[in-house]
Amino acid sequence: MASSADPKSDQEYGKGAPPRPDAPAVVNFFAIDVALRVLLFAAAVTGVVVMVTSKQTKWTPGLGDRDAKFKHSPAFIYYVVALSIAGLYALISILASISVLSKPNFQTKFLLHFAFLDVLMLGIVASATGSAGGVAYVGLKGNKHVGWIKVCSTYDKFCQHLAGSLAVSLFACVLLVFLTWLSIFSLHARIHK
């Protein structure tokens with residue numbers, strides 16, 4: 001039987017300090033985290049820029065020149081604000097992830113905060129994408145039951161911008177799901193069995 005002064009025997013029986021996580025695994029996690037957050041920032045900014053630049057003017061008989069702009073729909077305004085917030089969050093979380101690489105003592109706390117905030121951002125971006133997508137779908141297909149006409153046959157460039165922006169926003173939602181899973185998986189891996 002080993003004496004209690006032997007550190008190896010104490011760890012074998014669960015009395016010693018828990019083993020330290022491997023540094024390369026932690027660096028790999030935060031390197032992946034930073035890369036995904038950079039992609040999230042790029043997707044959010046792209047979605048906002050494409051939506052904001054989606055303006056088209058057409059001449060309509062009897063009405064003259066008519067504009068189609070994102071500002072004409074509250075759903076599109078909400079979409080732009082939500083993606084702007086997601087872009088700002090992505091930028092702040094990129095800086096936080098980079099700082100965690102230099103201060104490994106705060107990794108677990110940051111992972112928990114990232115998991116909570118990523119889920120919150122996912123809800124905001126997904127709801128904004130859904131509301132903007134619903135309005136865009138009515139513009140594409142119309143609604144004959146209530147007499148709403150299709151507008152994408154007239155404002156084709158405007159609708160193409162909307163479709164591109166919504167596709168990028170869906171990509172941002174997928175990135176936020178991956179970021180949430182990554183944070184939760186990393187936290188789970190740190191729990192001692």
Considering only distance and modelled atom types, tabulate donor-acceptor pairs under 3.5 Å from the side chains of residues 130-139, sequence neighbours left out.
{"from": "Ser131", "atom 1": "OG", "to": "Ser127", "atom 2": "O", "distance (Å)": "3.4"}
{"from": "Ser131", "atom 1": "OG", "to": "Ala128", "atom 2": "O", "distance (Å)": "3.0"}

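Its side chain outside the 4.5 Å cluster rule for every partner, Leu140 clusters with none of the Ile, Leu, Val, Met, Phe, Trp and Tyr residues. Cluster partners of Leu88, using a side-chain heavy-atom cutoff of under 4.5 Å among ILVMFWY residues and allowing indirect links, are Ile92.
Put simply, Ile184 and Leu120 are part of two different groups of oily side chains (I, L, V, M, F, W, Y) that touch within less than 4.5 Å, one to the next. In this structure, Phe114 is a member of the same hydrophobic cluster as Leu39, with clusters built from ILVMFWY side-chain heavy atoms closer than 4.5 Å. By the rule that hydrophobic residues join a cluster once side-chain heavy atoms approach within less than 4.5 Å of another member, Phe41 and Val81 end up as members of separate clusters. Ile32 and Leu117 end up in the same hydrophobic cluster when Ile, Leu, Val, Met, Phe, Trp and Tyr side chains are linked at under 4.5 Å. A chain of hydrophobic side-chain contacts below 4.5 Å, direct or via other Ile, Leu, Val, Met, Phe, Trp or Tyr residues, connects Phe171 to Trp181.
Of all the heavy atoms in Leu162 and Phe76, the pair that sits closest is CD1-CZ, 3.6 Å. Contact detail for Ala43 and Val168: the closest heavy-atom pair is O-CG1, 3.0 Å.
In terms of modelled atom types and a separation under 3.5 Å, the side chain of Ser183 and the main chain of Thr180 share no donor-acceptor contact.
Taking OG from Ser97 and CD1 from Ile94, the interatomic distance works out to 8.0 Å, rounded to the nearest 0.5 Å. Here Ser186 contributes atom OG and Leu112 contributes atom CG; the two are 11.5 Å apart, rounded to the nearest 0.5 Å. Rounded to the nearest 0.5 angstrom, Asp118 CG and Leu122 CG are separated by 8.5 Å. Rounding to the nearest 0.5 angstrom, the gap separating the CZ atom in Arg37 from the CG atom in Leu175 is 10.5 Å.
Using a 4.5 Å heavy-atom cutoff, the side chains of Met121 and Leu179 are not in contact.
Partners of Thr129 under the side-chain hydrogen bond (donor to acceptor under 3.5 Å, both in side chains) rule, at least two apart in sequence or in another chain, are Ser169. Contacts of Phe185 classified as ring pair (Phe, Tyr, Trp, His ring centres under 6.0 Å), with partners at least two apart in sequence or in another chain: none. Residues passing the side-chain contact (heavy atoms from CB on, under 4.5 Å) test with Val48 are Val52, Val80, Leu83, Ser84, sequence neighbours excluded.
For CZ of Phe178, the number of neighbouring non-hydrogen atoms (other residues, nucleotides, ligands) closer than 6.0 Å is 12 at most.
Judged purely by distance below 3.5 Å, without hydrogens or angles, the side chains of Ser165 and Tyr79 pair a donor atom with an acceptor atom.
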